[in-house]
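So the structure is just underneath, and the comments pick up after that.
Labels below follow one simple rule: chain letters A, B, ... track the order of the sequence lines, proteins then strands, and each chain is numbered from 1.
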2 protein chains.
Amino acid sequence: MDIFSNITKEDLERMIKCMNGRRIKYKKNGIILSSFQNTDIIGIICSGSADLIRIDYNGNKAVIESLKEGNVFESNMFNMDNNELSIIALEQSEVLFLEYKNIINRCGNNCSCHNQFIDNLFKIVISKLNNNYKRIHLLTQKTIREKLLEYFKFLANQENSKRIRLPMNYTALAEYLSVDRSALMRELKYLKEDRVIAVLDNRYILLNTF
Amino acid sequence: MDIFSNITKEDLERMIKCMNGRRIKYKKNGIILSSFQNTDIIGIICSGSADLIRIDYNGNKAVIESLKEGNVFESNMFNMDNNELSIIALEQSEVLFLEYKNIINRCGNNCSCHNQFIDNLFKIVISKLNNNYKRIHLLTQKTIREKLLEYFKFLANQENSKRIRLPMNYTALAEYLSVDRSALMRELKYLKEDRVIAVLDNRYILLNTF
DNA sequence: ACAAACAAGTTGCAATTGCAACACAATACT
DNA sequence: AGTATTGTGTTGCAATTGCAACTTGTTTGT
């Protein structure tokens, strides 16, 4: 899902001007956005990567969203609660900022590319929403076994096959499911012993139930 | 957050026509939308209430979102995965359907109310996203105690007071945090014993830490 | 006003899980 | 090529949690 899909290069350049676009470079650990600024903007990671993090009342940092090249963030979210949200560059990165009000209230030209842009943006946000619902579904499963099986079934459904490939390593999966890594490994072992799954080489898993 | 805020009644009526609006009444348990239909629409609950539910591979129903009067749902989400999502009326309800394509590609009139509508819609979706991130933050806490305290701190921050009012009952809270209700009650008791919180009459709680 | 339905509160016990502390394999770094 | 870092896999043990089975309040409906 690309924010610029179905938009020609010429239209794009014109539109970026129209939306008061500014490209800014950040060093590693640079603060791309924090709750203190409260401008409504849309940001696009042109190169590099960044994390959207929440700093909670105890000072703990939690990664809410990982942003990679081409990904989009919406600053509107920042003013919602008194939550301290920040976006931090993980490496040397370039970000394109667009003004929210110029996205919503388009210029007089009524260019169709602008509609396409809003369509893309809306679909990106909806897809984020959907990812969240999925994760919530997994997190609300009672046992690690259930979390794993539901996750595997998501993948199997997506790939339309009993043979699935994990898109992340076990350490990351444990974090995603919010369980202890060693406990996850143990449960995987039990699942193998019970012949519910078979782990093939590398990161491939075969589901015996579907 | 109202989808029609800052839009006059006259503009509204015009716009609804423009977006091919259709009002449909449903009986209790009526299917407002299911994954099988794949039209891109925005739905608004005019009266009554409904649940957005996921039916998983075992046939278990999980409520993803509770929709009340004035709330909005986006059917775009339905075509994302092979997930079986449905919206079911919980009581006699009326729903206004608007065509997504007519929302994005506006009519020639270039009316400002249309921009306002897109602004409202976008902010609603962003606020849903934000609610999800909050819930994920709570669900990823390791212990019931941490879940409760983070939840209380959200509320205290929102109300800017150590004295908070729970917006739901304990049964609903246990479900929201995905923990056993009796275990939640037990943890509340421990929190009281440890003087971390004090439970006032009804549903008011006083936080001793902040 | 009464019953029925729902919510709060309690507790023993067993199952699940997190934690700590490892060994070992794979990858990345210089 | 050798070292440092990161990921995998294992296990004992203690802490947390879910479950079951209750009792006691509190609402709601007729």
Side-chain angles (χ1 to χ4, degrees), chain A residues 28 49 51 58 60 62-63 66 90-92 137-152 164-206, chain B residues 28 49 51 58 60 62-63 66 90-92 137-152 164-206:
Chain A
K28 183 172 172 172
S49 58
D51 272 351
N58 312 321
N60 300 328
V63 176
S66 293
L90 293 179
E91 55 189 307
Q92 161 104 285
H137 177 67
L138 298 174
L139 291 172
T140 52
Q141 299 300 310
K142 284 175 296 293
T143 61
I144 296 181
R145 177 174 281 234
E146 285 172 306
K147 287 181 188 187
L148 280 172
L149 287 179
E150 284 300 305
Y151 180 68
F152 292 157
I164 58 176
R165 184 182 198 289
L166 299 184
M168 52 181 129
N169 63 37
Y170 291 136
T171 306
L173 181 57
E175 203 163 291
Y176 180 69
L177 298 177
S178 192
V179 297
D180 183 75
R181 187 192 58 83
S182 70
L184 181 145
M185 299 303 295
R186 178 169 40 206
E187 196 57 48
L188 270 177
K189 196 179 66 184
Y190 293 157
L191 282 167
K192 280 184 239 171
E193 283 170 10
D194 296 350
R195 308 280 166 114
V196 179
I197 64 168
V199 176
L200 310 177
D201 69 303
N202 214 342
R203 210 165 277 163
Y204 288 92
I205 288 182
L206 195 68
Chain B
K28 183 173 172 171
S49 58
D51 273 350
N58 311 321
N60 299 329
V63 175
S66 292
L90 293 178
E91 55 189 306
Q92 160 103 286
H137 176 69
L138 298 174
L139 291 172
T140 53
Q141 300 300 311
K142 283 174 295 292
T143 61
I144 296 181
R145 177 175 280 234
E146 287 172 304
K147 287 182 188 187
L148 281 172
L149 288 179
E150 284 299 306
Y151 180 68
F152 292 156
I164 58 176
R165 184 181 199 291
L166 298 183
M168 54 180 127
N169 64 36
Y170 291 136
T171 307
L173 181 57
E175 203 163 291
Y176 180 69
L177 299 177
S178 194
V179 297
D180 183 74
R181 188 191 58 81
S182 72
L184 181 145
M185 300 303 294
R186 177 169 38 203
E187 197 56 48
L188 270 177
K189 197 179 64 185
Y190 294 156
L191 282 168
K192 281 185 240 172
E193 283 170 9
D194 296 348
R195 308 278 169 118
V196 181
I197 64 167
V199 176
L200 310 178
D201 70 303
N202 213 345
R203 209 165 278 165
Y204 287 92
I205 287 181
L206 195 68

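- When heavy atoms are screened at a 4.0 angstrom cut-off, B:Leu188 is found touching no nucleic acid atom at all.
- Rounded to a whole Å, the CE atom of A:Met185 is 9 Å from the C1' atom of D:dG7.
- Place A:Lys142 and A:Ala183 on DNA chain D by their nearest nucleotides, and A:Ala183 ends up nearer the 5' end.
- When base pairs are accepted only as Watson-Crick or G-U wobble with both N-N or N-O distances under 3.5 Å, DNA chain D takes part in stems of 3 or more pairs at C:1-30 with D:1-30.
- Considering only residues two or more places apart in sequence or on other chains, B:Gln92 meets the side-chain contact (heavy atoms from CB on, under 4.5 Å) condition with none of them.
- Every side-chain contact (heavy atoms from CB on, under 4.5 Å) that B:Val63 has, sequence neighbours left out, goes to B:Asp51, B:Ile53, B:Ser66.
- If you take CZ of B:Arg181 and C1' of D:dA20, they are 12 Å apart, rounded to a whole angstrom.
- A search for side-chain contact (heavy atoms from CB on, under 4.5 Å) contacts involving B:Lys192 returns B:Ile197, B:Val199, not counting sequence neighbours.
- Boundaries of the chain B contact region on DNA chain C are C:dA7 to C:dC19, first to last in 5' to 3' order (nucleotide atom under 4.0 Å from a heavy atom).
- With sequence neighbours excluded, no residue forms a side-chain hydrogen bond (donor to acceptor under 3.5 Å, both in side chains) with A:Tyr170.
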Polar atom pairs (N or O), protein with nucleotides 25-30 of chain D, under 3.5 Å:
none

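- Proximity of residues 165-180 of chain A to DNA chain D (heavy atom under 4.0 angstrom from any strand atom) is restricted to A:Asn169, A:Tyr170, A:Thr171.
- For residues 173-187 of chain A, the pairs satisfying salt bridge (charged side-chain N to carboxylate O under 4.0 Å, His left out) are A:Arg145-A:Glu187, with sequence neighbours left out.
- Looking at residues two or more places apart in sequence or on another chain, you find a side-chain contact (heavy atoms from CB on, under 4.5 Å) between A:Ala172 and A:Met168, A:Asn169.
- For A:Tyr190, the side-chain hydrogen bond (donor to acceptor under 3.5 Å, both in side chains) test picks out no residue, with sequence neighbours left out.
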Exercise for the section: Could you go through the side-chain contact (heavy atoms from CB on, under 4.5 Å) check for B:Tyr204 and B:Leu166 one step at a time? Expected result: CA-CA 7 Å; B:Tyr204 287 92; B:Leu166 298 183; over 6 Å; no
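- Partners of A:Thr143 under the side-chain hydrogen bond (donor to acceptor under 3.5 Å, both in side chains) rule, at least two apart in sequence or in another chain, are A:Glu146.
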Practice task
Check step by step if side-chain contact (heavy atoms from CB on, under 4.5 Å) holds for A:Leu148 and A:Val179.
Solution key: CA-CA 10 Å; A:Leu148 280 172; A:Val179 297; over 6 Å; no
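- For the atom pair CD1 (B:Ile164) and CG (B:Leu206), the distance works out to 9.0 Å, reported to the nearest 0.5 Å.
- In this structure, B:Ile144 CD1 and B:Met185 CE are separated by 12.0 Å, a value rounded to the nearest 0.5 Å.
- Scanning all heavy atoms of the two residues, the minimum distance from A:Ser178 to B:Thr140 falls at OG-O, 3.0 Å.
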